[in-house]
Amino acid sequence: MKKKDKKLIAAILIVVLLMIVIPLFALKGAEFGGSDDAGSQVVEEISGDYEPWFTPILETLIDGELPGEVESLMFCVQTGIGVGIIAFLMGRFVERKKWEDKKQEN
Amino acid sequence: MTKHQKKLIVLSIAFAAAFGIVPQVNAMHIMEGYLPLGFCIGWGVICVPFLLSGFFSIQKKLKANRKNITLLAMAGAFVFVISSLKIPSVTGSCSHMTGTGLGAILFGPSAVSILGIIVLIFQAILLAHGGLTTLGANTFSMAIAGPFVSYGIFVLLKKLKVNRRVSVFLAAMLGDLFTYCVTSVQLALAYPSSEGGVAASAVKFLGIFAPTQLPLAIIEGFLTVIIMITLENYAQKELKDTKYLEEA
């Protein structure tokens with residue numbers, strides 16, 4: 001990889017990291033709930049007490065909401081699988097390039 | 001189409017489906033049961049032609065070159081990673097990104113609609129996130145409207161000869177933002193305010209979603225650029241196959 005690109009990636013990653021971390025410290029004590037809950041609240045505000053006319057199938061099956069801990073487990077699994085695929089394919093690309101470069105040298 | 005290609009399509013779909021099993025909870029899809037029946041059906045019908053063309057587009061691309069599946073898988077995996085990360089925003093609430101920009105830039109918007117709807121179906125069934133009744137509306141915003149905007153912007157900037165990385169950034173960022181604008185309008189159409197009607201409602205919903213989403217859209221743009229830089233360095237052959245890079 002070109003040196004310029006490496007630097008650019010490093011710079012971008014630092015900016016991204018700061019963008020994620022700063023709100024956490026800037027807004028101490030904020031709840032950081034999901035914004036779709038906020039969406040439901042506005043619906044209620046506009047149309048009075050709104051009763052959703054259909055409950056998610058899973059919640060009907062287990063008679064309640066998905067437990068928070070299980071939820072976070074599922075999130076990690078999702079991230080893990082995605083990262084796994086990306087890392088695997090990237091690894092192949094990187095090695096292939098090394099191999100091709102070497103072949104060209106000889 | 002040969003048997004082999006058929007197998008690959010099925011595999012790619014199974015792959016996308018496998019990711020969809022996993023939940024995504026605080027995201028901003030429209031909640032189950034929150035859209036009146038007429039809207040559910042309407043949005044669903046609108047999605048059908050896009051999904052069909054998406055299916056055929058994936059079929060054609062894999063037929064043209066079955067190595068395209070590597071990048072397709074990569075684009076899919078990117079959506080799943082990106083959309084699993086709930087990120088705190090300046091407004092004090094969390095949201096997540098869509099990650100559909102990468103796929104739209106590489107394979108065109110209709111192909112992404114297929115990846116998107118499979119994810120949404122599984123989330124709706126297994127994760128109580130989004131919903132079956134709101135599937136049409138959510139597919140339209142996340143898997144159709146957003147990617148189309150990303151793609152349009154990317155093509156436009158390419159024509160204008162804007163720096164490619166800047167184009168990727170803007171395409172991914174604006175596509176992400178547009179997804180949530182569409183969601184706001186969809187909610188507003190279903191819940192017009194008693195004073196001011198649809199427009200007033202739209203402003204209200206946008207007021208919640210937009211400030212939260214803006215920084216996240218920027219992050220999504222950055223991350224998409226990182227992936228593209230890496231691919232440009234290591235996967236030039238594949239990028240040429242998808243027409244992202246011009247044939248040298």
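Residue numbers start from 1 in every chain, and the chains themselves are labelled A, B, ... in the order their sequence lines are given, proteins ahead of strands.
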Under 3.5 Å donor-acceptor, A:R96 side chain and B:Y234 backbone: yes
Heavy-atom side-chain proximity of B:M74 to A:I86 below 4.5 angstrom: yes
Residue pair A:I81 / B:F80, side-chain heavy-atom distance below 4.5 Å: no
Would you give the length of the straight line joining atom [atom1] of [X] to atom [atom2] of [Y], rounded to the nearest 0.5 angstrom?
X: A:K97; Y: B:N233; atom1: NZ; atom2: CG; answer: 6.0 Å
X: A:I12; Y: B:I219; atom1: CD1; atom2: CD1; answer: 12.5 Å
X: A:L13; Y: B:F222; atom1: CG; atom2: CZ; answer: 10.5 Å

Interface moiety of B:L216 toward chain A, non-hydrogen atoms closer than 4.5 Å: neither
Which atoms of B:E232 approach chain A - backbone, side chain, both or neither, heavy atom under 4.5 Å: neither
How close do [X] and [Y] get, heavy atom to heavy atom, and via which atoms?
X: B:I227; Y: A:M90; answer: O-CE, 4.3 Å
X: B:A77; Y: A:G82; answer: CB-O, 3.7 Å
X: A:L89; Y: B:A73; answer: CD1-CB, 4.2 Å

Side chain to side chain contact (heavy atoms under 4.5 Å, CB included) partner of A:D5, chosen from B:I229, B:I226, B:T230: B:I229
Atom group of A:V21 that falls short of 4.5 Å from chain B, counting heavy atoms: neither
Side chain, backbone, both or neither of A:L8 within contact of chain B (heavy atoms, under 4.5 Å): side chain
Top contributor to chain B interface from A:K6, A:E100, A:K2, A:M19 [non-hydrogen pairs under 4.5 Å]: A:M19
